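Proteins come first, then strands; the chains are lettered A, B, ... in the order of their sequence lines, and each starts at number 1. Quick caveat, the model's predicted, so the values are computed rather than measured.
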Amino acid sequence: MPKHAISPTRGEDYPEWYQQVVRAGDLAEASPVRGCMVIKPHGFALWERMQGILDGMFKATGHRNAYFPLFIPLSYLEQEAKHVEGFAKECAVVTHHRLELGPDGRLIPTGKLEEPLVVRPTSETIIGAMYAKWIQSWRDLPVLINQWANVVRWEMRPRVFLRTAEFLWQEGHTAHATEAEAVEETLRMLEIYATFAERDLAMPVWKGPKPASERFPGAVETFSIEAMMQDGKALQAGTSHFLGQNFARAQQIKFADATGSESFCWTTSWGVSTRLIGGLIMTHADDDGLVLPPRVAPEQIVLLPIHRSDDDRAAVLACCESLKKQLEDRRWRDEPLRVKIDDRDLRGGDKAWQHVKQGVPLRVEIGPRDLAAGAVSLACRDKPPKDRQTLPLEQFVAEVPDLLESIQRGLFDRAVAFREAHSARLDDQAAIPEFFAADGDQPAGFAHVHVADDPAVAAALDPLKVTVRCTPLNWSDEPGTCLFTGKPVQRRSVIARSY
RNA sequence: CGGGGCGUAGCUCAGCCUGGCUAGAGCGCCUGGUUUGGGACCAGGAGGUCGCAUGUUCGAAUCAUGUCGCCCCGACCA
């Protein structure tokens, strides 16, 4: 048997390892449709966990869900110049609405549409058009709406979860009476994303504004959360955009203020997608497959009955059922524990490995010996697969919440340590190519440098395949001069290769 | 969309260069048996119009052209 469940290992071939983890974890697979994935039940359960937590956070901050059309009239996309430019190259366009049987038995599109429809790559324009109707008075503001939806961006090089032609996400769209309120909203949502990433996904992120070159098409300012993957690359894991009055002007989203004079709204948009699943994998998974933080694991504990005779079976199963009930009465982070009994007729080793590969935080084996001793055999996913400890059953039940907490924290701490180990403060230009030249086995990571928000910086970094990811808001001020332009800057930025 | 590679069983691949009997292996799957506290062993079995189309040929997995898809590297992006 191979030493590890996943082949190749991370060190051998990182991209291939990623795909094997997705497969072994039964998360998703490629579909017959170019660039589109099928999210399998286990992957979707994980997404539903993320959705549930985020949705709660959105609602707690006053947002409500709604749903807008999948199709956007072509002319809508044309309304904001930069927006068109940004998305024009990756749009799926619907031009016909009917099929007819051709002479050779094949279906031919007919019924040409007068105005083609674009399958939404994002919904600013269609939602803005509705806001223009809904908003008349300052009393209508703010409008705080989120939608859970699928979007399509015709990507040339798809990668499961990270970049597929169709993906699932949420997009929040808000309209405000003042600039200050809209900026506040933009930052509030950025903060929610950062909290979610770190608290629930155990994925440390840097949050802050991106340079103009990395801005969302049509935005005044784009903020992102950036996480380091285990190959040292950055993953933009969420974005929050301050759109200023750009879209409001383009779409005539206006309101009458208290004095009766008319002005344009200030709008924001923000989103995270199923890409987070890719980020979760590349942050925590190891050479034995997925490692799920307990907070988002669809099942936190799997009970594996071990039995030979029918008598054993009945007794062991009864014990499992009773343990499941006891566990489900316990809570961790304000939720009942999620427990599953896996009594499938499979060999014990096979079954256990499936759960290892699917990243279940705790595996508990219960056999006749445990029954007699009143104990359980416990394995934690953050430790090697063969590490098992025997615990008295009562103690296990009592300690489970602490165990989950320590796994959750351990994963976060490990990820932080990895990020720190692969980050460096660089203070002269020459050090940058040197840092990023470390290719292959040694992931380069993040460089913390002084750079101005200037096209010259992007141009200088381009040959290194490196970009400015963001300028973290919570880093302390450290005035310096841009390594490329000599302009004064207040604080360091993160530069890295990215997904 | 540019450069490179690859499409043969559910998965990983051999066979192709040099066309020729009924297209192979390992893993996985199914059945039976022996096993069983840790990804078992033995025996038997199912499963493939060799990505698709056209062409060359008596004959194509094998040669040619086209096409579709996938992977890697660029460009683009959540």
Side-chain angles (χ1 to χ4, degrees), chain A residues 1-8 13-16 18-20 23-24 29-37 85-91 121-122 149-171 193 210 213-217 222 224-227 234-241 269-279 288-289 304-309 312 316 345-357 363-373 375-379 385-388 390 439 462-463 465 467 498-499:
Chain A
M1 269 300 130
K3 233 171 140 183
H4 294 290
I6 303 297
S7 169
D13 183 346
Y14 195 82
E16 181 60 24
Y18 173 80
Q19 298 195 94
Q20 293 304 328
R23 189 155 72 138
E29 65 183 63
S31 77
V33 185
R34 167 185 199 146
C36 297
M37 64 179 162
E85 204 182 302
F87 287 105
K89 280 173 282 183
E90 52 184 36
C91 286
T122 178
N150 57 338
V151 288
V152 168
R153 298 182 186 176
W154 211 257
E155 299 291 350
M156 289 296 113
R157 223 178 113 195
R159 263 188 108 188
V160 182
F161 290 124
L162 297 175
R163 195 191 299 106
T164 46
E166 179 190 17
F167 58 95
L168 304 184
W169 76 347
Q170 59 65 218
E171 48 181 327
Y193 289 155
K210 297 183 80 76
S213 54
E214 301 278 316
R215 220 171 256 158
F216 174 76
T222 287
S224 72
I225 54 170
E226 302 281 336
L235 183 78
Q236 178 172 303
T239 48
S240 186
H241 313 290
S269 69
W270 28 274
V272 296
S273 72
T274 38
R275 170 178 263 199
L276 285 174
I277 296 174
D288 293 312
L304 302 166
I306 292 170
H307 46 70
R308 229 176 297 177
S309 68
D312 283 350
V316 166
D345 184 13
L346 282 181
R347 293 189 56 78
D350 265 331
K351 213 194 281 187
W353 275 100
Q354 286 185 16
H355 296 290
V356 170
K357 291 185 280 193
R363 304 188 302 283
V364 176
E365 299 177 356
I366 300 175
R369 282 205 313 249
D370 304 297
L371 229 53
V376 296
S377 173
L378 170 72
K386 311 244 173 187
D387 270 19
R388 295 211 314 272
T390 300
D439 230 329
D462 190 57
K465 293 182 268 180
T467 48
S498 75
Y499 275 96

Restricting to non-hydrogen atoms, name the atom on [X] and the atom on [Y] that form the minimum distance, rounded to 0.1 Å.
X        : Y        : answer
A:Tyr499 : A:Arg159 : CE2-NH1, 2.9 Å
A:Leu371 : A:Val316 : CD2-N, 3.9 Å
A:Gln20  : A:Pro8   : CG-CD, 4.3 Å
A:Tyr18  : A:Gly278 : OH-CA, 3.4 Å
A:Val272 : A:Ala237 : CG1-O, 3.6 Å

Using a 4.0 Å heavy-atom cut-off, does [X] contact any base of the nucleic acid, only the sugar-phosphate backbone, or nothing at all?
X        : answer
A:Thr164 : base
A:Thr122 : nothing
A:Phe87  : nothing
A:Gly271 : nothing
A:Leu162 : base
A:Pro368 : base
A:Gly279 : nothing

Given side chains that start at C-beta, do those of A:Ile306 and A:Asp370 come closer than 4.5 Å, heavy atoms only? no

Which one, [options], comes nearest to the side chain of [X]?
X        : options                : answer
A:Ile306 : B:rG37, B:rC72, B:rC77 : B:rG37
A:Glu90  : B:rC77, B:rG39, B:rC71 : B:rC77
A:Trp353 : B:rC77, B:rG39, B:rA75 : B:rG39
A:Ser273 : B:rA40, B:rA78, B:rG38 : B:rA78
A:Arg369 : B:rA78, B:rC71, B:rG37 : B:rG37
A:Arg153 : B:rC77, B:rG37, B:rG39 : B:rC77
A:Arg159 : B:rA78, B:rC72, B:rG38 : B:rC72

Watson-Crick or G-U wobble partner for [N], using a 3.5 Å limit on both distances?
N      : answer
B:rG19 : none
B:rC77 : none
B:rU12 : B:rA25
B:rG44 : B:rC30
B:rU36 : none
B:rC70 : B:rG5

Looking at B:rG37, does its base get a donor-acceptor pair with the side chain of A:Asp370 below 3.5 Å? yes

Quick one: the side chain of A:Arg388 and the base of B:rG38, do they pair up donor-acceptor inside 3.5 Å? yes

Sticking with atom [atom1], work out how far [N] lies from [M], rounded to a whole angstrom.
N      : M      : atom1 : answer
B:rG15 : B:rG48 : C1'   : 14 Å
B:rG44 : B:rG39 : P     : 25 Å
B:rU54 : B:rC17 : P     : 22 Å
B:rA53 : B:rC13 : P     : 25 Å
B:rU36 : B:rC41 : C1'   : 11 Å
B:rU12 : B:rC6  : P     : 16 Å
B:rC27 : B:rA46 : C1'   : 16 Å
B:rU67 : B:rU31 : P     : 47 Å

How many Å lie between [atom1] on [X] and [atom2] on [N], as a whole number?
X        : N      : atom1 : atom2 : value
A:Tyr499 : B:rC73 : OH    : C1'   : 14 Å
A:Ile6   : B:rG39 : CD1   : P     : 18 Å
A:Asp462 : B:rC77 : CG    : C1'   : 15 Å
A:Glu16  : B:rC71 : CD    : C1'   : 8 Å
A:Leu304 : B:rG39 : CG    : P     : 14 Å
A:Asp350 : B:rG28 : CG    : P     : 8 Å
A:Glu29  : B:rG69 : CD    : P     : 18 Å
A:Arg275 : B:rC76 : CZ    : C1'   : 12 Å

N or O in side chain of A:Lys465 less than 4.0 angstrom from B:rG74 OP1/OP2: yes

Give a yes/no answer on whether the side chain of A:Arg163 brings an N or O atom under 4.0 Å of OP1 or OP2 in B:rC77. no

For A:Gln236, side chain to side chain donor-acceptor pair (under 3.5 Å) partners two or more places apart: A:Lys210

Pick one: which of A:Glu90, A:Lys89, A:Arg163 meets side-chain contact (heavy atoms from CB on, under 4.5 Å) with A:Arg153? A:Glu90

Could you tell me whether A:Glu365 and A:Arg388 have a side-chain N and a carboxylate O separated by less than 4.0 Å? yes

Before you tell me yes or no, could you show the steps for A:His241 and A:Thr222 under side chain to side chain donor-acceptor pair (under 3.5 Å), namely the whole-Å CA-CA distance, both residues' side-chain angles and the distance that decides it to 0.1 Å? CA-CA 4 Å; A:His241 313 290; A:Thr222 287; 2.8 Å; yes

5′-ward residue of the pair A:Glu365/A:Phe216 relative to RNA chain B: A:Glu365

So which one's nearest nucleotide on RNA chain B is more toward 5', A:Leu371 or A:Gln19? A:Leu371

Assess A:Arg275 against A:Phe167: is NZ or CZ under 6.0 Å from the centre of the six-membered ring, and within 45 degrees of the ring's axis? no

Can A:Trp169 be classed as stacking with the base of B:rA78, given a centroid separation cut-off of 5.5 Å and a plane angle cut-off of 30°? no

How does each nucleotide of nucleotides 1-12 of chain B score, in 5' to 3' order, for protein heavy atoms under 4.0 Å: base (B), sugar-phosphate only (S), or none (-)? B---------S-

